[in-house]
Amino acid sequence: MSANRLRTALTMLGIIIGITSVVLLLALGDSMQRFIGKELEALGTNMLFISPGGNRAAAQRMRAGAAPALTLADAAALNALPSLAGAAPALQGGFKLAVGNETSSSSVSGVTPAMFKIRNWKMELGSVFSDADLRAASRSVIIGHKVADQFFYKMDPLGKYIRIENVAFQVVGVLHGEGKQIDGPDLSELVLVPITAARAHLVRNPFPDNVHYVVAQGKSDGNLQDAIEDINETLRDRHHIKFDEPDDFRIDNLASFAETAGKISAGIAALLGLIGAISLVVGGIGIMNIMLVSVTERTREIGIRMAIGAKPRDVLLQFLTEAVVICLAGGVVGIAIAMGLAAAITASGKFDVVISLSAVMVACGFSSLVGVFFGFYPARRASRLLPVDCLRYE
């Protein structure tokens with residue numbers, strides 16, 4: 001190996017590329033699963049979104065006036081269910097925001113104080129709406145930090161006013177954090193007002209008690225399916241839906257979204273690992289080719305070893321060891337390169353890639369197996385050569 005350094009290095013190159021691919025792609029797949037899990041955890045996997053509507057028959061019932069929508073009373077009834085930790089109604093719409101000459105369009109949600117607890121929204125500045133704000137339909141607003149930066153850059157936004165459709169709302173709080181919300185924009189871009197203020201000043205609705213949706217949270221120690229059944233039974237009873245009639249509402253379960261996303265991410269991770277394994281197999285085929293050439297070139301060496309007493313298994317072990325050493329050396333270099341690339345991706349701030357010990361162990365195991373598998377045939381061929389033929393070989 002040391003006498004043919006260039007050939008050895010070129011042989012290792014295929015293994016280096018293969019191991020780098022395996023380790024990096026496994027790490028990317030694992031990081032993607034963690035990222036998806038973190039995002040779903042931020043949304044809350046024990047949350048349920050109840051919205052009006054459903055199938056076509058339910059829509060016909062709504063147009064007929066049998067149950068036009070979800071109402072504040074529906075939300076109050078759901079909030080009293082023992083299988084739920086809470087339920088909060090919401091109104092939502094797109095409105096024009098303005099501060100001075102700065103204007104933009106954004107989604108504005110009318111919510112209750114209970115929504116903050118259910119959604120685990122934290123405050124960076126100020127405080128949430130009080131029950132008194134709700135009763136008085138107070139023109140207060142809580143904004144995400146990106147909205148605060150847009151309208152009040154390097155200023156304290158508390159106490160300032162934002163005009164929403166030319167109605168002045170006073171900023172009483174700024175939300176902490178960011179992350180995509182399933183029912184609206186990013187957390188950092190939210191604009192929240194008391195639901196009573198939204199109903200009085202923003203959302204023009206001929207049915208003043210109607211809401212756009214209700215967010216419910218199942219108890220952490222309870223069965224979410226039981227909560228879904230309780231919600232279904234309660235709303236069907238309140239909307240006077242007969243046994244043979246379809247629901248006029250829809251219940252979306254975030255836990256099912258999380259399960260589906262987990263399966264998809266696991267499949268993608270396995271596919272990425274398979275792609276890396278294919279490149280490793282290609283590198284192994286290169287090792288087999290080079291080892292076959294090496295056996296041919298070293299035929300006289302093999303004959304001399306056998307002539308002075310080496311047994312076929314000694315020759316087999318020699319060439320097999322060379323193949324394994326080449327693969328392990330390439331594996332070490334490949335792991336180092338993969339760790340460097342992972343660190344560079346993480347440093348970019350776009351994606352957090354962490355190479356786990358399991359990925360390194362899998363890579364080392366793969367490199368050893370490749371060395372044994374693809375090195376066995378050349379080694380066996382070398383061990384079965386006859387000494388007389390080897391010594392006569394030119």
Side-chain angles (χ1 to χ4, degrees), residues 39 42-44 49 51 69 72 75 88-215 348-350:
E39 290 295 308
L43 292 176
F49 283 79
S51 54
L72 292 171
L91 289 171
Q92 195 173 56
F95 301 98
K96 180 182 176 181
L97 309 182
V99 175
N101 294 325
E102 183 77 22
T103 62
S104 70
S105 296
S106 178
S107 175
V108 179
S109 298
V111 298
T112 64
M115 184 71 78
F116 291 83
K117 183 178 180 181
I118 292 173
R119 304 292 292 274
N120 197 30
W121 288 338
K122 305 296 183 182
M123 300 301 297
E124 186 174 304
L125 295 173
S127 59
V128 302
F129 308 124
S130 65
D131 291 334
D133 292 329
L134 205 63
R135 290 191 297 269
S138 172
R139 288 185 294 178
S140 305
V141 62
I142 294 174
I143 57 179
H145 68 81
K146 284 187 179 179
V147 180
D149 290 341
Q150 177 185 0
F151 290 115
F152 309 105
Y153 185 65
K154 292 186 178 180
M155 296 171 57
D156 183 2
L158 297 183
K160 303 294 193 302
Y161 285 87
I162 292 180
R163 296 193 310 277
I164 306 176
E165 293 295 323
N166 290 323
V167 179
F169 283 77
Q170 187 177 34
V171 178
V172 297
V174 177
L175 289 169
H176 172 74
E178 58 185 28
K180 183 64 179 176
Q181 303 296 295
I182 193 169
D183 59 331
D186 191 273
L187 179 62
S188 62
E189 299 173 351
L190 288 182
V191 178
L192 308 172
V193 301
I195 192 169
T196 49
R199 188 176 57 185
H201 304 291
L202 301 177
V203 180
R204 307 303 178 190
N205 195 326
F207 302 97
D209 289 334
N210 287 1
V211 296
H212 289 145
Y213 60 90
V214 176
V215 180
S348 68
K350 295 181 179 180

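Just the heavy atoms: all of them, side chains too, but no hydrogens, waters or symmetry mates, feed the values below. It should be emphasised that the depicted structure is a prediction, and the values quoted were computed from it without experimental measurement.
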Requested in this report: Could you list the residues that satisfy side-chain contact (heavy atoms from CB on, under 4.5 Å) with K160, not counting sequence neighbours?
Outcome: F152, M155

Requested in this report: Hey, can you tell me if F116 and F129 have their rings parallel, tilted or perpendicular (30° and 60° cut-offs)?
Outcome: perpendicular

Look up atom [atom1] in [X] and atom [atom2] in [Y], then write down how far apart they are to the nearest 0.5 Å.
X    : Y    : atom1 : atom2 : result
K122 : L187 : NZ    : CG    : 12.0 Å
L192 : Q92  : CG    : CD    : 9.5 Å
E189 : D149 : CD    : CG    : 11.0 Å
N166 : I164 : CG    : CD1   : 11.0 Å
L202 : S109 : CG    : OG    : 11.0 Å
T112 : I118 : OG1   : CD1   : 6.5 Å

Query - Option from V174, L175, L125 for which side chain to side chain contact (heavy atoms under 4.5 Å, CB included) with I142 holds - result: L175

Can you give me the closest heavy-atom contact between [X] and [Y], atom names plus distance?
X    : Y    : answer
G177 : H145 : O-CD2, 3.4 Å
L190 : V147 : O-CG2, 4.1 Å
P194 : S138 : CG-O, 3.4 Å
F169 : A197 : CE2-CB, 4.1 Å
L134 : P113 : CD2-CD, 3.9 Å
V191 : S106 : CG2-OG, 3.9 Å

Side chains of [X] and [Y]: does their closest heavy-atom pair fall under 4.5 Å?
X    : Y    : value
I195 : V111 : no
F95  : V167 : no
L97  : V108 : yes
L72  : R199 : yes

**Report entry** Backbone of Y161 reached by a side-chain donor or acceptor of Q170 within 3.5 Å
**Finding:** no

Report task. Scan residues 124-135 for pairs that pass side-chain hydrogen bond (donor to acceptor under 3.5 Å, both in side chains), counting only residues two or more places apart or in two chains. Result -> S130-D133

